[in-house]
Amino acid sequence: MAINLVYKGPQTRGECWQETVINALPDTKWHTWPHVPVPEQVDAIIAWTLPDNTFETYPNVKAVFSVGAGVDQLQPDRIPDTIKLIRLIDPSLTLQMQTYVLSSVMMIHRDHFLYQSQKAQRCWQQHNVALPHECTVSILGLGELGKAVASQLSSLGFRVNGWSRSAKQLDGVSTFHGQQGLSDMLANTHILVSLLPLTEETKGLINADTLATLPKGASVINAGRGEQIVDDDLLAALDSGHIQYAILDVFKHEPLAESHPYWTHPRVHVTPHIASITRNDTAGQRLAENLLRWQQGQPMIGEVNKQRGY
Ligand code: NDP
Ligand code: OXD
């Protein structure tokens, strides 16, 4: 079958992906949202977000491709059962996330926040250096990204824990699951990293209770989704000194409002949702490969369980 596609997103990316897809599947019909001559003929949509009436406008869509790894912004529970939802799995995304988390862990582990504040006072003072095996990093989420991040930190000598919904085994990583598993893991954590998808269960997971379960002086890195953190609870825990540092890449409302206290908090580091960015070159290849698989009747890579939400 010739696939009839609609792409919704930035023009440069669309042009790049169109070329890659047409090279791989020359009979594909590529349209750019909202210029679609016969909406009833559209088989698939590629987008980051979609308006509410999408499936009325495009009644015969069979697949929606997220331009990123996450799918919460597409509201999976709103997508009809008959439509497949595909998230992006791309080694380039995984590598970027590994370097983001590694640099964030190092910023905390090697006291860069502290030396930054000493620099402001021209203060020359040395502090003891902890070794990686004296630092426990706990990863929330052991999926495509969490697994790779955990393995990399473990290979560098950090003690690594990982938490997921189902039980897992991962070389060099102590694994936990379920509520009790979460409490046990948090109690033994220096740096907590969220790489969870946003679902009803993960919304607000990092709250006053979970933060209180962390030992005093622990730090938090969030590269999952902003709504996983109750911001007021994190700010209170930072201000009380219970939590030492927070490195945040994702926020409930993006861009982060100019008035948000995170911007000015001396022990919070903010990045603008750049932990891992969809690359036009490699992600275009992944899209073309998946379309080929679909055309050949094979399962696609990254099919989402819409009920579960990830
Ligand atoms: P995956 O879907 O591959 O993995 C999700 C992991 O989270 C799984 O291990 C899953 O457990 C676990 N999980 C989900 N729900 C729960 C729960 N209720 N309790 C415990 N564990 C749970 O996702 P990825 O690793 O590819 O990506 C994770 C998220 O990272 C994305 O959804 C996105 O939000 C975010 N992201 C952020 C980026 C950024 O730039 N900041 C870039 C890319 C992604 P199980 O294995 O048992 O199913
Ligand atoms: C993603 C993201 O999900 O950029 O890919 O957050």
Side-chain angles (χ1 to χ4, degrees), residues 9-10 13 46-49 65-76 85-104 138-152 160-170 173 175-186 192-207 210 220-229 247-252 254-256 269-280 282-283 286-287 301-310:
R13 171 171 292 163
I46 306 156
W48 177 246
T49 56
F65 293 84
S66 168
V67 303
V71 291
D72 53 288
Q73 69 288 348
L74 287 163
Q75 297 172 264
L85 174 60
I86 322 293
R87 45 74 57 102
L88 176 63
I89 294 183
D90 182 358
S92 296
L93 274 184
T94 308
L95 266 173
Q96 290 178 68
M97 190 56 86
Q98 284 178 309
T99 56
Y100 182 85
V101 177
L102 179 60
S103 59
S104 304
S138 295
I139 318 286
L140 299 170
L142 286 177
E144 285 299 319
L145 303 177
K147 258 190 310 196
V149 163
S151 298
Q152 184 193 42
V160 181
N161 296 323
W163 183 68
S164 51
R165 201 153 83 141
S166 53
K168 296 242 178 314
Q169 276 200 319
L170 197 56
V173 178
T175 52
F176 299 81
H177 67 282
Q179 253 343 98
Q180 186 57 48
L182 178 62
S183 305
D184 294 346
M185 181 180 87
L186 292 175
L192 180 69
V193 181
S194 178
L195 285 174
L196 286 166
L198 183 64
T199 66
E200 279 311 310
E201 287 89 54
T202 65
K203 206 172 274 177
L205 185 87
I206 302 175
N207 55 37
T210 39
V220 173
I221 297 169
N222 189 11
R225 284 289 184 263
E227 277 186 81
Q228 285 155 10
I229 291 187
I247 298 185
L248 307 173
D249 184 56
V250 284
F251 303 91
K252 184 169 181 187
E254 296 181 3
L256 185 63
H269 182 72
V270 168
T271 52
H273 200 144
I274 48 70
S276 182
I277 294 179
T278 298
R279 283 178 58 118
N280 293 350
T282 56
R286 301 292 87 78
L287 174 66
I301 312 282
E303 284 194 27
V304 168
N305 177 332
K306 294 197 298 273
Q307 248 110 43
R308 224 174 43 175
Y310 66 97

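For ligands, and for the atoms within them, numbers begin at 1 and follow the listed sequence.
Contact annotation: Gly224 has at least one heavy atom less than 4.0 Å from an atom of ligand 1. Within the 4.0 Å heavy-atom shell around ligand 1 one finds Leu142. By the 4.0 Å heavy-atom criterion, Leu93 is excluded from the residues contacting ligand 1.
At distances below 3.5 Å, at least one donor-acceptor pair connects side-chain atoms of Thr278 with backbone N or O atoms of Val67. A side-chain donor-acceptor contact under 3.5 Å links Gln73 to the backbone of Gly70. No donor-acceptor distance shorter than 3.5 angstrom exists from the side chain of Trp163 to the backbone of Ser183, with no hydrogens or angles considered. For the pair Thr202 (side chain) and Pro197 (backbone), a donor-acceptor distance under 3.5 Å is present. Of the possible polar contacts, one joining the Glu254 side chain to the Phe251 backbone as a donor-acceptor pair under 3.5 Å is found. Here the side chain of Thr210 pairs a donor or acceptor atom with the backbone of Asn207 at under 3.5 angstrom.
Looking only at heavy atoms of the protein, atom 18 (N) of ligand 1 is closest to Glu201 CB, 3.6 Å. Regarding atom 42 (C) of ligand 1, its nearest protein heavy-atom neighbour is Ser276 O, 3.4 Å. Of all protein heavy atoms, the one lying nearest to atom 2 (O) of ligand 1 is Tyr310 CD1, 3.4 Å. In terms of protein heavy-atom proximity, atom 23 (O) of ligand 1 is closest to Arg87 NH1, 3.9 Å. Given atom 25 (O) of ligand 1, the protein heavy atom at minimum distance is Leu145 N, 2.9 Å. Taking atom 37 (C) of ligand 1 as the reference point, the nearest protein heavy-atom neighbour is Ala223 O, 3.0 Å. The protein non-hydrogen atom at the shortest distance from atom 33 (C) of ligand 1 is Arg225 NH1, 3.5 Å. The nearest heavy-atom contact from the protein to atom 41 (N) of ligand 1 is Asp249 OD2, 2.9 Å.
Counting the atoms of ligand 1 from 1 in the order shown, those under 4.0 Å from a heavy atom of His273 are 39 (C), 40 (O), 41 (N). Using a 4.0 Å cut-off to heavy atoms of Ala69, the atoms of ligand 1 that qualify are 43 (C), 44 (C). Listed by number with element, the atoms of ligand 1 under 4.0 Å from a non-hydrogen atom of Ala275 are 39 (C), 40 (O), 41 (N). For ligand 1, the atoms closer than 4.0 angstrom to any heavy atom of Val250 are 41 (N).
Met97 places none of its side-chain heavy atoms less than 4.5 Å from the side chain of Glu144. You'll find the side chain of Arg87 reaches within 4.5 Å of the side chain of Ile89, heavy atoms only.
Both the backbone and the side chain of Leu196 come within 4.0 Å of ligand 1, judged by heavy-atom distances. Both the backbone and the side chain of Glu144 come within 4.0 Å of ligand 1, judged by heavy-atom distances. When heavy-atom distances to ligand 1 are checked against a 4.0 Å cut-off, His177 has no atom that comes that close, whether in backbone or side chain.
A side-chain contact (heavy atoms from CB on, under 4.5 Å) with Leu196 is found for one member of Leu142, Ile206, Leu140 and no other, namely Leu140.
Between the CD1 atom in Ile221 and the OG atom in Ser104 there is a gap of 4.5 Å [rounded to 0.5 Å]. Rounding to the nearest 0.5 Å gives a distance of 10.0 Å between CZ of Arg279 and CG of Leu93. Rounded to the nearest 0.5 Å, atoms CZ (Arg225) and CG (Asp249) are 9.5 Å apart.
Other residues, nucleotides and ligands place more than 12 heavy atoms under 6.0 Å from the NZ atom of Lys168.
Residues Arg165 and Glu201 are paired through a salt bridge, judged by an N-O separation under 4.0 Å between the basic side chain and the carboxylate.
Remark: the Ser194 side chain and the Gln228 side chain contain an N/O donor-acceptor pair separated by less than 3.5 Å. Between the side chains of Tyr100 and Thr271, at least one donor N or O lies within less than 3.5 Å of an accepting N or O.
Taking only nitrogen or oxygen atoms, main chain and side chain alike, Thr202 does not reach within less than 3.5 Å of ligand 1. In terms of N/O distances under 3.5 Å, ligand 1 is approached by Gly143. The distance criterion of under 3.5 Å between nitrogen or oxygen atoms is not met by Asp72 with respect to ligand 1.
Every protein residue with a heavy atom nearer than 4.0 Å to ligand 2 is included here: Trp48, Gly68, Ala69, Gly70, Arg225, His273, Ser276.
Which of Gly70, Ala148, Pro272 comes nearest to atom 31 (C) of ligand 1 through a heavy atom is settled by distance: it is Gly70. Comparing heavy-atom distances from atom 46 (O) of ligand 1 across Met97, Lys168, Arg165 singles out Lys168 as nearest.
Residues satisfying the salt bridge (charged side-chain N to carboxylate O under 4.0 Å, His left out) criterion with Arg286, sequence neighbours excluded, are Asp90, Glu289.
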